[in-house]
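Reviewing the structure listed below.
Residues take their numbers from the sequence shown, with the count starting at 1. Excluded from the calculations below are hydrogen atoms, water molecules and symmetry mates; all remaining heavy atoms, backbone and side chain alike, are included.
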Amino acid sequence: MSERADLVIHNARIVLGHGLVPGNLAISKGRIQAILCGGMPECAVEAIDAQGRQVTPGLVDIHTHGIGNFLFESSPQDLLAGAALLATFGTTTFLPTLYTTLTGDHLDHLNLLAEAVDQSAGVERGRGARIAGFHLEGPFLALSGAAGRQLPVDLPLLREMLSACRGLTRVVSTSPEVPGITAAIELLRAEGVVVFLTHTQASCAQTERAIDAGATHATHFYDVFPAPPETEPGVRPAGAVESILADRRCSVDFIADGIHVDPAAIRLAAACKEWDQIALISDSNIGAGLPAGRYDTPWGFPVRVSPEDAARIDDPRHPEYGGLAGSSLVLSRAVANIQKWFHLPWSQAWNLATVNPARIANLSCPGRLEVGQPADLVIWNDDLTPHLIFIDGRRIEAPGQPLVPA
């Protein structure tokens, strides 16, 4: 390495694709200049002793609605402030997931959100997590969730939404049984958009048609994936879950908080898919990362948040009172849970929240530490709270200290 490094992180345990490797990492001009498993570079502007801590790629969250008191789709201000807070938990790239604003009445609002993303891309990095585009959870969903919208397939409206998002739509989630969905999936794939399946009670045949049309992934798998109705007493019905598990063309992700899905179901998916086809998401919402308590939302009902019980609708007048309203998870906790439940090697556990989601959503960031790539990385404490965070080689200037990593 001939060029003088701007920063060297030494005495680290670096997560590489094949394992956890003791070594040093050099950063120059915002990019990874060298990964050294031997000696330390002779000169650098700054050196940081990691003291044996793990150094990983920044986490990549491809399904998240909000963090703290910020709902990403509420306003450009919430989107950018939320991106800044999200980075303090170690997520350096994310897809803000839009859910309640996916109607023809919100096209101007989508345009404002996209304009904010465009402007943030031109701002000096190091102010918040990288917004890699949008994930539209809907609007063509067969089953609703908390505050969700359901619309019939409307291809002109879909084109208008993609246009309003200024080409920033990376993922659209939909349900296989919605009439006309095959044409929508084909349109999205022609536009380079990755199609996820979700919110479904589809039959095997409906699910297989959606995968044949180009759907490649199932998001918050098992959650809002009820089995089809029993038609023959004593015969367990098969549907979307079974078809997705049986098809190697389709990967899956999980909300690994121990509440949304039983670890046994994740183990079953791993047996069918292997770990390289599994990703972790937060599906986080208002209240995520905050202390346990009751928090107002823009949906007309408050949520009560606690690490032991996720986020729950907390209004007795609401028909789904007590029901789940997203999660209170941050992605590093999901990684910690998976490692604890299945005793995976750390490098494999981190892949579920870095390289796997980046590949599944076809993002430009590789989700791994590689020479020449942007220096998006995290140095972790033993309890998996971030010690130091870098985006494009710059330390994150957080608006405040991270709260609880629940």
Assess the side chains of Arg248 and Gln277: does a donor N or O sit below 3.5 Å from an acceptor N or O? yes
Using modelled atom types only, decide if a donor and an acceptor are shared between the side chain of Asn24 and the backbone of Asn11 within a distance under 3.5 Å. yes
From CG (Leu377) to CD1 (Ile32), nearest 0.5 Å: 6.0 Å
Are a donor atom and an acceptor atom from the side chains of Asp223 and His260 found within less than 3.5 Å of each other? no
Looking at Glu208 and Arg249, is any side-chain nitrogen of the basic one under 4.0 Å from a carboxylate oxygen of the acidic one? no
Under the criterion salt bridge (charged side-chain N to carboxylate O under 4.0 Å, His left out), I'd like the reasoning laid out for Arg209 against Glu177: C-alpha separation, chi angles, the key distance, then a yes or no. CA-CA 9 Å; Arg209 281 196 294 271; Glu177 67 267 45; over 6 Å; no
Sorted by chain and residue number, the side chain to side chain donor-acceptor pair (under 3.5 Å) partners of Arg159 (sequence neighbours excluded) come out as none
Looking at Glu73 and Thr100, would you say the former's side chain and the latter's main chain have a donor-acceptor pair under 3.5 Å? yes
Pairs in or reaching into residues 160-192: which pass ring pair (Phe, Tyr, Trp, His ring centres under 6.0 Å), with residues at least two apart or in two chains? none
Among all residues two or more places apart in sequence or in another chain, which pass the side chain to side chain donor-acceptor pair (under 3.5 Å) test with Thr91? none
Should the ring pair Phe301 and Trp299 be called parallel, tilted or perpendicular, given that the plane angle runs from 0 to 90° and is split at 30 and 60? tilted
Quick one about Asn356 and Asn351 (side-chain donor to acceptor, distance below 3.5 Å, no hydrogens or angles considered), yes or no? no
Please report the C-alpha distance between Asp309 and Arg304 in whole Å, then the side-chain angles of each, then the deciding distance to 0.1 Å, and finally whether the salt bridge (charged side-chain N to carboxylate O under 4.0 Å, His left out) criterion is met. CA-CA 9 Å; Asp309 205 30; Arg304 185 167 295 280; over 6 Å; no
For Asp61 and Ser282, which I'm curious about, is there any donor-acceptor pair between the side chains at under 3.5 Å? yes
Using the benzene-type ring in the case of Trp, are the ring centres of Trp350 and Trp380 under 6.0 Å apart? yes
Can you list everything that forms a ring-ring contact (aromatic ring centres under 6.0 Å, His included) with His217? Sequence neighbours excluded, please. Phe196
CD1-CD distance between Ile131 and Gln119, expressed to the nearest 0.5 angstrom: 11.0 Å
Would you say the side-chain atoms of Asn381 pair up with the backbone N or O of Leu384, donor to acceptor, closer than 3.5 Å? no
Side-chain donor-acceptor pair under 3.5 Å between Asp253 and Thr219, yes or no? yes
Contacts of Phe390 meeting ring-ring contact (aromatic ring centres under 6.0 Å, His included) (sequence neighbours excluded), chain-then-number -> none
With no hydrogens and no angle check, do the side chains of Gln51 and His387 hold a donor and an acceptor under 3.5 Å apart? no
Going by an N to O cut-off under 4.0 Å, is there a salt bridge joining Arg166 and Asp118? yes
Using the side chain to side chain donor-acceptor pair (under 3.5 Å) criterion, which residues pair with Ser203? Sequence neighbours excluded. Gln206
